[in-house]
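What follows is one structure encoded as C-alpha cells, with my remarks underneath.
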Protein chains: 2
Amino acid sequence: MSLQHALLGVLEARPMNGYELTRFFEAAPRWVWSAPQSQIYPTLRQMEQAGLIEGQKEIRGTRLSRTVYSITERGLAELRTWLGTSHTPPPARDAFFLQALFFDMIEPDRAASVLKAFIAEQEQLAAEWRAHREALLAKDTPLLKERLKNRPAGEHDRIAALKAHVFAGQIAVATARAEWARESLRLLEEPTP
Amino acid sequence: MSLQHALLGVLEARPMNGYELTRFFEAAPRWVWSAPQSQIYPTLRQMEQAGLIEGQKEIRGTRLSRTVYSITERGLAELRTWLGTSHTPPPARDAFFLQALFFDMIEPDRAASVLKAFIAEQEQLAAEWRAHREALLAKDTPLLKERLKNRPAGEHDRIAALKAHVFAGQIAVATARAEWARESLRLLEEPTP
DNA sequence: TGTATCATGTAAGATGTTACATGATTGC
DNA sequence: GCAATCATGTAACATCTTACATGATACA
C-alpha cells in the first residue's frame with residue numbers, strides 16, 4: 001500500500017496527472033520511493049475508485065487529454081492516519097548483504113571488485129541525496145515550493161528542516177554502508193597467517 | 001532471483017529439506033533474507049528442475065516422506081558466478097523514510113510516538129544481530145559448524161570473521177537509523193520561534 | 001517534416017503475502 | 001490419547017518488472 005501513500009503525499013503538494021507523477025517516481029536522483037509508469041496509472045484509477053483522489057479530465061489542443069488528480073478529504077485523512085501509525089518493519093531482504101555473506105566462497109579479488117562497485121554506488125547515492133537535502137534546506141525544489149504555498153510562513157523553516165532531515169537519514173545509511181564495505185575490503189586483504 | 005541464491009548459500013553448508021529451510025527463513029532472529037513457507041517449496045522444485053539442487057526422497061517411519069535437497073555442481077557454479085558479479089541496486093523503496101517525509105503533516109506527538117517505536121525496533125534488531133555476530137565469531141552457530149567441516153582448518157577464522165562482519169554491517173545500519181530517529185525527535189520538539 | 005516530449009494504456013510474468021489444508025510422527 | 005512438532009502442499013491476491021503499443025502536440 002505504500003505506493004498509494006507515496007502518491008497521496010505527492011498529490012498533497014499539488015494536483016498532478018499520471019505523466020508528471022511518472023516522471024517524479026522514475027526520476028534519476030533517487031527519492032524515497034520509486035515506481036514504474038506501468039504501476040502508476042492503474043494505481044491512480046484504483047485510488048480514485050476508493051475516493052482517495054479525484055480526477056479532472058482536461059483537453060490540451062484538440063484531442064490530447066489528460067487526467068489531473070487531486071487529493072480528497074478522504075485521501076488526506078487516510079494519509080494522516082497512516083503517517084501517525086507504527087507499521088511492522090518489512091522482512092529482512094537485502095540482496096547485497098546476502099551476497100557479502102558468501103564472499104568466502106569466491107576469490108578475494110572478485111569479492112573486492114564487487115565491494116568497490118558497491119562503494120562507488122553508495123557514494124553516488126549519498127551525493128545525490130546530499131544535493132537534494134541542500135535544495136530542500138534552501139526551499140528550492142519545485143514540489144516543496146508548491147507545498148509551502150498552503151502553509152503558514154512561520155512554519156516554512158521547520159517543514160523544510162524536517163524534510164531535509166529525511167535525506168540526512170538516507171545519507172547516513174549510505175555512508176554507513178560504504179564505510180562497512182571499506183572495512184570489508186581490509187578484511188579480505190588481510191594475509192592469512 | 002535472490003531467494004534462489006539465498007537457498008543455494010544455505011544448502012552449500014549441508015543438505016536440507018523444505019521444513020528445515022522454512023524454519024531457517026522464517027526464524028525470529030532475523031537473517032539477511034526471509035521468505036515464507038509458501039514460497040520455499042515451489043522454489044525448491046523450480047531449482048531442482050533447473051538442476052541447481054538435487055532432491056533425495058527419504059521416508060521417516062512408514063509414510064512420512066521428506067525430500068532432502070543438496071546443491072549440485074551446477075548450483076555451486078551459479079552461486080559463485082552470482083557472488084562475483086555486481087548487481088544493479090534495487091530501486092529506492094523505504095516505507096519508513098516515506099512516512100517520515102510527511103511528519104510535518106501530523107501532530108508532533110504522533111510523529112514522536114512513531115519515531116520512538118522505530119528506535120525500539122531498530123535497537124531490538126541490532127541486539128539480535130549483535131548476538132548472531134558474536135555467535136559467528138565464536139564459530140558457534142549450527143550452520144557455520146556444518147559449513148566449516150568442508151573447509152581447511154586454517155581458513156576457519158577468516159571465514160567466521162567475514163560472515164560476522166556482514167552482521168556488523170547490519171548493526172551499523174540499524175544503529176545509524178536509530179541515531180537518525182533520535183535526531184528527528186529533537187527536531188520535532190524544537191520550539192518554533 | 002521529423003524529433004522530442006506529452007499522455008495513457010495493457011499484458012505477461014516474477015515475486016511476495018496471507019490463509020487454508022492435510023496428514024504423520026514423537027513423546028508425554 | 002493428545003499435543004507439539006515434522007512435513008508438504010495449494011489458492012487467491014497484491015505487488016513489482018519488463019516490454020510493448022498508440023497517438024497527440026510543440027517546436028525546430
Side-chain angles (χ1 to χ4, degrees), chain A residues 1-7 15-28 30-50 52-53 55-69 87-95 98, chain B residues 1-8 15-28 30-50 52-53 55-69 82 87-95 98:
Chain A
M1 305 249 72
S2 290
L3 173 55
Q4 301 206 4
H5 294 110
L7 287 165
M16 289 193 195
N17 61 8
Y19 186 72
E20 283 179 287
L21 288 164
T22 296
R23 279 187 313 173
F24 194 89
F25 280 85
E26 283 180 345
R30 285 139 197 280
W31 197 53
V32 291
W33 201 267
S34 92
Q37 178 261 6
S38 65
Q39 228 188 331
I40 307 273
Y41 285 96
T43 303
L44 287 171
R45 286 195 298 265
Q46 231 176 290
M47 289 167 72
E48 190 179 21
Q49 287 242 316
L52 301 173
I53 58 176
Q56 184 65 40
K57 209 162 184 171
E58 287 180 6
I59 303 286
R60 309 231 313 168
T62 33
R63 259 172 305 188
L64 188 56
S65 85
R66 65 176 175 184
T67 307
V68 179
Y69 293 96
H87 307 284
T88 53
R93 209 166 274 141
D94 188 312
L98 176 66
Chain B
M1 304 252 71
S2 290
L3 173 55
Q4 300 206 4
H5 294 109
L7 287 165
L8 287 174
M16 287 191 198
N17 62 8
Y19 186 73
E20 283 179 288
L21 288 164
T22 296
R23 279 186 314 172
F24 195 88
F25 280 85
E26 283 181 343
R30 284 140 198 280
W31 198 52
V32 291
W33 201 268
S34 92
Q37 177 260 9
S38 65
Q39 227 188 330
I40 307 274
Y41 286 95
T43 303
L44 286 171
R45 286 195 298 264
Q46 232 175 287
M47 290 168 74
E48 189 179 22
Q49 288 242 317
L52 301 172
I53 57 177
Q56 183 67 40
K57 208 162 185 170
E58 287 180 6
I59 303 284
R60 308 233 312 168
T62 34
R63 263 172 301 190
L64 188 58
S65 86
R66 64 176 179 186
T67 309
V68 178
Y69 293 97
W82 182 77
H87 307 286
T88 54
R93 210 165 274 142
D94 188 312
L98 174 66

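Lettering of chains follows the sequences in order, A, B, ..., and the numbering in each one begins at 1.
Side-chain atoms of Gln4(B) never come within 3.5 Å of backbone atoms of Met47(B) as a donor-acceptor pair (strictly under, hydrogens ignored).
Aromatic ring orientation, Trp31(B) versus Phe25(B): perpendicular (interplanar angle above 60°, classes split at 30° and 60°).
Summarising the geometry, atom CG belonging to Asp94(B) is positioned 13.5 Å from atom CZ belonging to Arg30(A); distances are rounded to the nearest 0.5 Å. One distance of note links CG of Leu3(A) with CG of Leu98(B); it measures 9.5 Å at 0.5 Å rounding. Here the CE atom belonging to Met1(A) is positioned 11.5 Å from the NE2 atom belonging to His87(A), to the nearest 0.5 angstrom.
Contacts with DNA chain D (heavy atom under 4.0 Å) in residues 33-44 of chain A: Trp33(A), Pro36(A), Ser38(A), Gln39(A), listed by number.
Along DNA chain D, the nucleotide nearest to Gln46(A) and the one nearest to Arg63(A) differ in position, and the one closer to the 5' end is contacted by Gln46(A). The residue among Leu64(A) and Arg93(A) whose nearest nucleotide of DNA chain C is located toward the 5' end is Leu64(A).
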### Task
Report the C-alpha separation of Arg66(A) and Leu64(A) in whole Å, then their side-chain angles, then the decisive distance to 0.1 Å, and conclude whether the side chain to side chain contact (heavy atoms under 4.5 Å, CB included) test is met.
CA-CA 7 Å; Arg66(A) 65 176 175 184; Leu64(A) 188 56; over 6 Å; no
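Running 5' to 3' along DNA chain C, contacts with non-hydrogen atoms of chain B at under 4.0 Å begin and end at dT15(C) to dT25(C).
If you take CD of Glu26(A) and P of dT17(D), they are 11 Å apart, rounded to a whole angstrom. Taking atom CE of residue Met1(B) and atom C1' of nucleotide dT17(D), one finds them 13 Å apart after rounding to whole Å. Taking atom CZ of residue Arg45(A) and atom P of nucleotide dT15(D), one finds them 16 Å apart after rounding to whole Å. Rounded to whole angstrom, the span from the CG atom of Asp94(B) across to the P atom of dC16(D) amounts to 13 Å.
Residue pairs satisfying the side-chain hydrogen bond (donor to acceptor under 3.5 Å, both in side chains) criterion with at least one member in residues 38-50 of chain B, sequence neighbours excluded, are absent.
Heavy-atom contacts from other residues, nucleotides or ligands closer than 6.0 Å to CD of Glu58(B) number more than 12.
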